[in-house]
Amino acid sequence: MTALREIKKRIGSVAGTRKTTSAMKMVSSVKLHKAESALSNMRPYEEALHRMMESVLTEDDTGTLSRERPVKNVAVIAFSSDSALCGAFNSNIIRALQKTVEEYRRSLSTDHIFIYTIGKKVCDAAGKAGLTVTGNFENLAGKTDYHTVAGLAGSLVAQFERGEIDRADILYHRFKSAGSQEPISETVLPVRLPRKENPDSQLKIFEPSRKEILRAIIPKSIKLQLYTALLDSNASEHAARMIAMQAATDNADDLVAELTVEYNKSRQQAITNELLDLAGGNRG
């Protein structure tokens, strides 16, 4: 009977866990829908800004923010989540950060690599790996605040213009669908300007001047690139957690089914033993 009680207790425990994972999956599904909407609403603006840059560019446009130079100082911005239970979402970014830092260490010392983390998980992992975090934005992963991201982008632009950094990379998950999130690395600075597909489409008259337009548009594109990365990361986090919680719920269902079969077999065996004992007693 003790074994039966233990099995029944375990079934109740797994069933309780299943309720929790199922609820978390539903919550993540709702958050994912909102994150997808925010991301899809940003795409038209991103495409319009890209077309605007294309229309005013010429082959001679090599401004300060787009000029390549030897890398002596680099900034790496990694996007993760503040909480766990989202599968390999955080571990992918942590591995990407470690790999990126290792690659830069081949030519740079550690104090010339400036790490910015968005999300508690990657910040904690960087600390455990002995990496110095220049700036951490712990509560930004879930809030997707544009002004904070724009402030970070503005700081990176100012550092680049002053020569304090020569390159800035971002590490994040690009959201493709609820079942597909791709960890990628992109260079934010120097800016890689788009090339015109149709040179004849270039505007000839500008007000204000073309240089002034580019001087305003390029920093905006950097801010937008970081903000879009944040939206991508946020949507990817909810998708990864939804999938992880669905897998956990399915596993709980399978385990409950197995334990139920085991419980029924043990219970049947216990009843059979009691009947045998009774039969043996009557013969005695």
Side-chain angles (χ1 to χ4, degrees), residues 6-43 46 77-98 117-126 128 136-146 148-149 170-185 226-264:
E6 288 296 326
I7 295 173
K8 192 171 184 179
K9 183 178 179 181
R10 193 177 176 196
I11 290 174
S13 176
V14 174
T17 301
R18 185 205 176 281
K19 289 181 181 179
T20 301
T21 56
S22 179
M24 290 182 68
K25 178 210 165 188
M26 294 177 65
V27 171
S28 295
S29 178
V30 173
K31 289 184 177 180
L32 173 60
H33 179 70
K34 293 180 180 179
E36 278 188 283
S37 297
L39 189 58
S40 62
N41 290 337
M42 180 57 61
R43 296 300 186 197
E46 183 182 23
I77 305 94
F79 293 76
S80 74
S81 69
D82 290 327
S83 55
L85 300 177
C86 45
F89 176 80
N90 290 313
S91 59
N92 286 339
I93 293 299
I94 292 168
R95 283 195 298 269
L97 175 61
Q98 292 172 339
T117 56
I118 296 176
K120 184 176 184 296
K121 292 302 178 181
V122 69
C123 181
D124 291 346
K128 291 178 182 178
N136 177 43
F137 301 84
E138 186 172 312
N139 297 319
L140 186 59
K143 293 182 178 178
T144 60
D145 178 24
Y146 172 78
T148 303
V149 176
I170 56 175
L171 310 173
Y172 69 101
H173 280 82
R174 174 169 290 168
F175 179 82
K176 291 185 174 181
S177 66
S180 177
Q181 306 87 44
E182 179 187 8
I184 63 171
S185 172
L226 260 69
Y227 184 59
T228 303
L230 179 62
L231 294 179
D232 266 308
S233 180
N234 183 250
S236 297
E237 175 193 346
H238 296 313
R241 183 172 289 109
M242 184 181 71
I243 293 172
M245 292 301 99
Q246 179 62 59
T249 301
D250 292 342
N251 289 338
D253 287 335
D254 294 340
L255 187 55
V256 166
E258 292 175 6
L259 289 171
T260 301
V261 171
E262 184 180 348
Y263 176 82
N264 291 335

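Residue numbers run from 1 in the order of the sequence given.
For the pair Arg174 and Ser233, the minimum side-chain heavy-atom distance is 4.5 Å or more. Contact check for Glu182 versus His173: no side-chain heavy atoms found under the 4.5 Å cut-off. Between Arg241 and Phe89, the closest side-chain pair of non-hydrogen atoms is not below 4.5 Å. By the 4.5 Å heavy-atom criterion applied to side chains, Thr148 and Phe137 are counted as neighbours. Residues Val122 and Asn90 are not in side-chain contact: their nearest non-hydrogen atoms beyond the backbone lie 4.5 Å or more apart.
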Going by atom type alone, with no hydrogens or angles, which donor-acceptor pairs under 3.5 Å involve a side-chain atom of residues 25-35 and a protein atom two or more places apart or on another chain?
{"from": "Lys25", "atom 1": "NZ", "to": "Gln246", "atom 2": "OE1", "distance (Å)": "2.5"}
{"from": "Ser28", "atom 1": "OG", "to": "Met24", "atom 2": "O", "distance (Å)": "3.0"}

What pairs of donor and acceptor atoms, side-chain ones from residues 256-263 against any protein atom, are under 3.5 angstrom apart with sequence neighbours left out?
{"from": "Thr260", "atom 1": "OG1", "to": "Val256", "atom 2": "O", "distance (Å)": "2.6"}

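A pairwise comparison of heavy atoms in Ala240 and Cys86 identifies CB-O, 3.4 Å as the closest pair. The minimum heavy-atom distance between Ala178 and Gln181, with the atom names listed, is O-NE2, 3.0 Å.
We find that Arg18 and Asp253 are joined by a salt bridge, their nearest charged nitrogen and carboxylate oxygen being less than 4.0 Å apart. Comment: Lys120 engages Asp124 in a salt bridge, judged by a side-chain N to carboxylate O separation of less than 4.0 angstrom. Between Glu6 and Arg10 there is no salt bridge, since no side-chain N of the basic residue sits under 4.0 Å from a carboxylate O of the acidic one.
Remark: side-chain polar atoms of Ser180 are not paired, donor with acceptor, to backbone N or O of Ser177 under 3.5 angstrom. In this structure a side-chain-to-backbone donor-acceptor pair under 3.5 Å is present from Thr20 to Gly16.
Partners of His238 under the ring pair (Phe, Tyr, Trp, His ring centres under 6.0 Å) rule, at least two apart in sequence or in another chain, do not exist in this structure. Not counting sequence neighbours, the partners of Thr228 by the side-chain contact (heavy atoms from CB on, under 4.5 Å) test are Leu39, Met42, Arg43, Glu46, Leu224, Asp232. When the side-chain contact (heavy atoms from CB on, under 4.5 Å) test is applied to Ser40, no partner is found at least two apart in sequence or on another chain. Looking at residues two or more places apart in sequence or on another chain, you find a side-chain contact (heavy atoms from CB on, under 4.5 Å) between Asn136 and Thr117, Cys123, Val133, Glu138.
To the nearest 0.5 Å, atoms NZ (Lys121) and CG (Asp82) are separated by 9.0 Å. Rounded to the nearest 0.5 Å, atoms OG (Ser81) and CD1 (Ile93) are 10.0 Å apart. To the nearest 0.5 angstrom, Asn92 atom CG is 11.5 Å from Ser80 atom OG.
The one candidate from Ile170, Leu230, Leu171 that meets the side-chain contact (heavy atoms from CB on, under 4.5 Å) condition with Ile77 is Ile170.
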Give the C-alpha distance, both sets of side-chain angles, the deciding distance and a yes or no for side-chain contact (heavy atoms from CB on, under 4.5 Å) between Tyr172 and Ile184. CA-CA 6 Å; Tyr172 69 101; Ile184 63 171; 3.3 Å; yes
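Ring orientation note: the planes of Tyr146 and Tyr227 are nearly perpendicular, at an angle over 60° on the 30°/60° scale.
In this model, a donor atom of one side chain and an acceptor atom of the other lie less than 3.5 Å apart for Thr249 and Thr21.
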